[in-house]
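Below is one structure. I have some questions about it.
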Amino acid sequence: QVQLVESGGGLVQAGGSLRLSCAASGRTFSRYAMGWFRQPPGKEREFVATISRSGGSTYYVDSVKERFTISRDNAKNTVYLQMNSLEPEDTAVYYCAGSRGETRVIHTYEYDYWGQGTQVTVSS
């Protein structure tokens with residue numbers, strides 16, 4: 001069993017930056033590919049980024065490429081999402097998730113564990 005706790009959300013102006021963190025419990029963190037998803041108001045949850053177990057491979061949805069960076073520190077059982085040049089369209093609840101998959105794990109059904117989410121609001 002893995003428990004995930006996100007932090008770092010908040011209110012930021014367009015063009016600003018935020019860094020989300022997701023801390024995982026347990027000693028098996030490095031066995032999971034990790035992902036970030038988001039759910040804008042009134043919309044479905046959508047894929048944002050994923051990182052492989054070792055951190056050597058990453059993949060992003062086109063809308064955040066060049067602006068967001070996913071990374072992980074297996075020694076700290078933590079995955080991060082650095083978000084730069086934020087836009088109002090990035091406003092959503094952001095969730096981290098863990099998957100037993102390998103790489104490019106982009107579908108919600110491929111993930112076994114989910115955090116409770118953290119709100120990111122970008123004002124124009």
Side-chain angles (χ1 to χ4, degrees):
Q1 188 79 4
V2 176
Q3 292 185 323
L4 304 173
V5 179
E6 303 97 333
S7 61
L11 173 64
V12 62
Q13 289 189 329
S17 298
L18 282 174
R19 188 194 197 199
L20 304 183
S21 298
C22 174
S25 65
R27 296 183 291 180
T28 60
F29 179 71
S30 61
R31 298 179 186 177
Y32 294 89
M34 299 299 295
W36 286 96
F37 288 75
R38 64 186 180 186
Q39 189 163 14
K43 296 185 178 180
E44 298 282 322
R45 192 171 299 189
E46 61 187 25
F47 168 76
V48 176
T50 186
I51 188 166
S52 61
R53 298 170 184 176
S54 68
S57 177
T58 59
Y59 185 72
Y60 301 89
V61 67
D62 285 348
S63 61
V64 308
K65 285 180 181 177
E66 309 301 328
R67 299 190 299 123
F68 291 12
T69 302
I70 187 171
S71 62
R72 67 189 296 163
D73 185 336
N74 285 346
K76 295 183 178 180
N77 282 10
T78 303
V79 61
Y80 305 97
L81 186 67
Q82 178 66 44
M83 306 186 294
N84 299 328
S85 302
L86 282 161
E87 303 168 352
E89 293 72 23
D90 296 317
T91 293
V93 177
Y94 282 71
Y95 298 89
C96 74
S99 170
R100 295 184 178 93
E102 294 287 341
T103 60
R104 292 207 174 186
V105 191
I106 66 172
H107 300 103
T108 56
Y109 62 78
E110 296 178 288
Y111 284 82
D112 305 287
Y113 301 103
W114 292 85
Q116 83 290 346
T118 185
Q119 177 71 47
V120 171
T121 303
V122 184
S123 63
S124 57

field: Distance, nearest 0.5 Å, that separates OG1 of T108 from CD of E46
entry: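 Result: 11.5 Å between the selected atoms.
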query: Of the non-hydrogen atoms in R67 and S85, which two are nearest, and what is the gap between them?
result: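 R67 and S85 have their closest heavy atoms at NH1-O, 3.0 Å.
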- request: Would you indicate whether the side-chain heavy atoms of E6 and L20 approach each other to under 4.5 Å?
  value: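 With C-beta onward as the side chain, the pair stays apart.
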- prompt: Going through the distances and angles, do T69 and Y60 end up as a side chain to side chain contact (heavy atoms under 4.5 Å, CB included)?
  reply: CA-CA 9 Å; T69 302; Y60 301 89; 3.8 Å; yes
task: Say whether, by atom type as modelled, one donor and one acceptor occur between the side chain of Y94 and the main chain of G8 under 3.5 angstrom.
output: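 Checked: no pair found.
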field: Nearest heavy atoms of S17 and N84, plus distance in Å
entry: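 Distance-wise, the nearest heavy atoms are OG-OD1, 3.0 Å.
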message: Distance check, rounded to the nearest 0.5 Å: D73 atom CG versus S30 atom OG?
response: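 Result: 11.5 Å between the selected atoms.
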Minimal non-hydrogen separation, R31 against R53, with atom names: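 In this case the closest contact between R31 and R53 is O-NE, 3.2 Å.
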field: Shortest non-hydrogen separation from A33 to V105 and the atoms involved
entry: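 Scanning both residues, the minimum pair turns out to be CB-CG2, 4.1 Å.
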- prompt: Quick one: OG on S124 to CD on E87, what's the gap to the nearest 0.5 Å?
  reply: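 Here the rounded value is 12.0 Å.
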field: Note, F29 side chain near N74 side chain (heavy atom, < 4.5 Å)
entry: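 Sidechains of N74 and F29: in contact.
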task: Drop me the distance from S54's OG to R72's CZ, to the nearest 0.5 angstrom.
output: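 S54 atom OG to R72 atom CZ measures 8.0 Å (nearest 0.5 Å).
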message: For residues Y80 and V93: do they belong to one hydrophobic cluster (side chain heavy atoms under 4.5 Å, members Ile, Leu, Val, Met, Phe, Trp, Tyr)?
response: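 No: no chain of side-chain contacts under 4.5 Å links Y80 to V93.
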message: Please check if the number of heavy atoms outside K76 that lie under 6.0 Å from its NZ is greater than 12.
response: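 No, NZ of K76 has 12 or fewer neighbouring heavy atoms, counting only those of other groups under 6.0 Å.
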field: Atom of L18, atom of V12 and distance for their closest heavy-atom approach
entry: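 Smallest interatomic distance, heavy atoms only, reads CD1-CG1, 4.0 Å.
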- request: Keeping the roles fixed (side chain from T91, backbone from V122), state whether a donor-acceptor pair exists under 3.5 Å.
  value: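 Checked: pair present.
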task: Could you tell me which non-hydrogen atom of L81 sits nearest to which non-hydrogen atom of V48, and how far apart they are?
output: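 Looks like CD2-CG1, 4.3 Å.
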- prompt: Quick one: which of Y95, F37, W36, Y32 gives a ring-ring contact (aromatic ring centres under 6.0 Å, His included) with Y111?
  reply: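 So the option named by the test is F37.
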query: What is the distance from atom SG of C96 to atom CD1 of I51, rounded to the nearest 0.5 Å?
result: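 Spacing of SG (C96) from CD1 (I51) equals 12.5 Å.
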message: Using a 6.0 Å cut-off, check whether atom CD of Q3 has over 12 heavy atoms from anything other than its own residue.
response: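 No, the 6.0 Å shell around CD holds no more than 12 heavy atoms from other groups.
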field: Short side-chain to backbone donor-acceptor contact, R38 and V120, under 3.5 Å
entry: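 Flag not set: sc R38 to bb V120 has no pair under 3.5 Å.
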message: Once rounded to the nearest 0.5 Å, what's the spacing between atom OG of S71 and atom CE of M34?
response: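 Atom-to-atom, S71:OG and M34:CE are 11.5 Å apart.
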message: So R45 and W114, do their side chains get closer than 4.5 Å, heavy atoms only?
response: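 Yes, their side chains come closer than 4.5 Å.
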